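Some notes on the structure that comes next.
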Amino acid sequence: MAGYLNNIVFRGAMVVAALAVAPTGTVHAANLEGVRVWAGPEYTRVVIDATGPLHYKIRQKGGEVLVDLPDSGFSRSFSDPGAQGLLRGMSHARIGKNLQLTAKVHPDSHLKSFVLEPRKGDNYRLVLDLYPDSATADRVVTTAAAPKAASEHSSRASTQQAAALLNGQRAVVVAIDAGHGGKDSGAHGPGGTQEKNVTLAVARDLAAMINRQPGMKAVLTRNSDFYIPLKQRYKIARENNADLFVSIHADSFTSDDAKGSSVWVLSPRGKTSEAARWLADRENRADLIGGTTLDDKDDGLAKVLLDLQQGWAMQASDVVAGNVLKALAQLGPTHRGYVEKANFVVLRSPDVPSILVETAFISNPKEERKLRDPAHQKRLAAAVMGGVKNYFESTPPPGTWFAAQAAQRSGVQLASTGKSTTPSSTRADAGVRDLHKVNRGESLGSIARQYGVSVSALKNANQMSSDTVRAGVMLAIPTS
């Protein structure tokens with residue numbers, strides 16, 4: 001059902017927006033502040049910032065998108081954002097009193113446009129989203145980075161796009177959030193230890209371990225002592241296309257004998273309240289949720305799609321959290337023997353599996369001493385690393401190093417570039433009779449029926465623990 005709906009949404013998003021006009025009424029000239037571009041694995045977004053509401057017309061003619069802006073100009077000199085993703089560059093011309101922007105785009109791309117009103121001092125934004133067709137998706141490669149302020153984001157997007165679209169082996173991205181920071185010191189231990197310092201030390205250790213592991217990459221929400229608003233923390237994970245978000249904390253209680261680590265995921269109540277907020281916010285709905293925008297869907301369909309994506313993210317969160325809790329139990333007692341649930345703000349990302357780790361009780365003098373110890377901090381990081389790595393080994397995202405390793409364990413050799421994928425010659429008779437690349441809308445059940453095998457045999461052949469499979473994954477088809 002999820003795959004079927006995503007297929008419908010994907011095809012709907014590919015429809016060309018031939019004409020878009022701002023709301024009617026009195027129109028005042030608005031100047032353009034600049035143009036920004038983000039090239040991701042699913043689409044390329046061009047954002048035109050303006051000082052006021054824009055009266056505009058858009059049309060696409062093959063490899064060009066023309067944006068006509070009556071009575072408009074630039075507040076500052078125009079700067080071509082360059083070639084990124086499906087965008088090949090942008091120029092402008094003055095036609096009488098009108099300004100015309102010409103965006104060179106991939107000729108097989110499809111356009112969708114909308115306007116976002118300002119929030120909290122932001123500009124008006126005219127957003128142009130360029131989507132590839134199925135043929136373009138096999139060819140497109142990001143060729144330039146975004147401005148320096150978003151260099152990490154753009155680099156990640158470029159890597160994922162080039163690898164995922166070319167059957168490469170991209171690294172999974174883990175966003176690590178060191179709790180508290182700056183003016184927010186968090187909890188204090190009886191010996192004066194501050195939670196913000198412990199969480200940063202453990203987060204740095206964890207990031208170093210992840211970056212040493214083949215096929216993994218870490219992104220820190222903060223790498224020094226400064227404050228980040230709670231919502232911004234999970235937004236950083238989404239902006240970096242993270243495969244997982246891990247928030248590090250240290251617990252505290254009024255009694256100094258409380259002890260043990262714990263792992264938390266978002267509660268069902270938190271899921272419901274966040275869904276309501278997301279659906280009610282125009283800017284949220286314009287963001288990609290699991291590769292799909294909700295802004296052009298009616299409320300009923302948007303709610304269903306968001307619910308499906310949240311359900312997947314929460315299920316994955318439970319698996320990761322269980323793995324991490326089991327690993328932490330090897331270091332000492334856990335506060336409770338099960339994964340706990342709460343409506344923590346940092347866990348509210350609708351499409352990134354997210355967990356919060358309480359490393360120990362900083363209010364407990366014995367545990368405070370351990371939390372101060374650099375060797376113990378590394379042991380905590382190693383435990384979290386073990387649980388996270390185990391998750392990606394058992395549920396590898398498509399196009400990743402982990403997916404390639406899983407395929408090789410099943411007797412399938414995946415090419416690192418290009419489209420060719422062939423069985424290993426030394427394992428040709430090892431129970432694998434064919435390969436199948438999962439398309440949008442397909443499920444394990446439909447693939448099993450297509451080849452006349454059972455779902456359990458299909459899962460065993462590909463070492464899968466979940467019944468969910470994502471588009472783009474290369475599955476080994478067993479002989480029986």
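Remember, it's a predicted structure, so these values are computed and weren't measured experimentally.
- Scanning for side-chain hydrogen bond (donor to acceptor under 3.5 Å, both in side chains) contacts around K459 gives D467, with sequence neighbours left out.
- The distance from atom CD1 of I236 to atom CD of E239, rounded to the nearest 0.5 Å, is 7.0 Å.
- Interatomic distance, T221 OG1 to N240 CG, rounded to the nearest 0.5 Å: 10.5 Å.
- The shortest distance between side-chain heavy atoms of R348 and L266 falls below 4.5 Å.
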Fill in: Verdict with supporting geometry, L331 and S261, side-chain contact (heavy atoms from CB on, under 4.5 Å)
CA-CA 9 Å; L331 297 182; S261 55; over 6 Å; no

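- The shortest side-chain heavy-atom distance between D256 and P190 does not fall under the 4.5 Å cut-off.
- Nearest heavy-atom pair, M216 versus V174, reported as atom, atom and distance to 0.1 Å: CE-CG2, 3.9 Å.
- Remark: R277 engages E274 in a salt bridge, criterion side-chain N to carboxylate O under 4.0 Å.
- Applying the salt bridge (Lys or Arg N to Asp or Glu O under 4.0 Å) test to D299 and every residue at least two apart in sequence or in another chain returns R285.
- Paired with K235 under the rule side-chain contact (heavy atoms from CB on, under 4.5 Å), one option of R233, R238, Q232 passes, and it is Q232.
- Pairs passing the ring-ring contact (aromatic ring centres under 6.0 Å, His included) check and including a residue from residues 315-338, sequence neighbours excluded, read H335-F361.
- Remark: T395 OG1 to D243 CG distance equals 11.5 Å, nearest 0.5 Å.
- Under the 4.5 Å side-chain criterion, counting only non-hydrogen atoms from C-beta, Y227 is not in contact with K196.
- A heavy-atom distance below 4.5 Å is not found between the side chains of V346 and S354.
- With hydrogens and angles disregarded, no donor-acceptor distance shorter than 3.5 Å links the side chain of D225 to the backbone of G181.
- The backbone N or O of R45 lies less than 3.5 Å from no partner atom in the side chain of D129, so there is not a single donor-acceptor pair.
- A heavy-atom distance below 4.5 Å is found between the side chains of I362 and T193.
- Judged purely by atom type and a 3.5 angstrom limit, R222 uses its side chain to pair as donor or acceptor with the backbone of H180.
- With sequence neighbours excluded, no residue forms a salt bridge (Lys or Arg N to Asp or Glu O under 4.0 Å) with E358.
- Across all non-hydrogen atoms, the minimal contact from P350 to L306 is CB-CD1, 3.8 Å.
- With sequence neighbours excluded, no residue forms a salt bridge (Lys or Arg N to Asp or Glu O under 4.0 Å) with D318.
- Side-chain atoms of M385 and L206, non-hydrogen and from C-beta on, do get closer than 4.5 Å to each other.
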Practice prompt. Please step through side-chain contact (heavy atoms from CB on, under 4.5 Å) for the pair L328 and V357, ending with a clear verdict.
Written response: CA-CA 10 Å; L328 287 169; V357 178; 3.8 Å; yes

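- Taking CG from D373 and NZ from K378, the interatomic distance works out to 9.5 Å, rounded to the nearest 0.5 Å.
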Practice prompt. Might you work through the side-chain contact (heavy atoms from CB on, under 4.5 Å) test for Q213 and K389, ending with a clear yes or no?
Written response: CA-CA 9 Å; Q213 165 64 39; K389 182 182 176 184; 3.4 Å; yes

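- Between atom CD1 of residue I248 and atom CD of residue Q377 there is a gap of 11.5 Å, rounded to the nearest 0.5 Å.
- Around NZ of K271, the count of heavy atoms belonging to other residues, nucleotides or ligands within 6.0 Å exceeds 12.
- For the side-chain hydrogen bond (donor to acceptor under 3.5 Å, both in side chains) test, residues two or more places apart in sequence or in another chain that qualify with S247 are D177, H249.
- Residues P353 and L244 are in side-chain contact: their nearest non-hydrogen atoms beyond the backbone lie under 4.5 Å apart.
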Fill in: Worked check of side-chain contact (heavy atoms from CB on, under 4.5 Å) between L380 and H376
CA-CA 6 Å; L380 287 168; H376 187 71; 3.8 Å; yes

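- Taking 4.5 Å as the limit, every side-chain heavy atom of H106 sits out of range of all side-chain heavy atoms of L130.
- A distance-only check finds no donor-acceptor pair linking the side chain of E340 to the backbone of S262 [under 3.5 Å].
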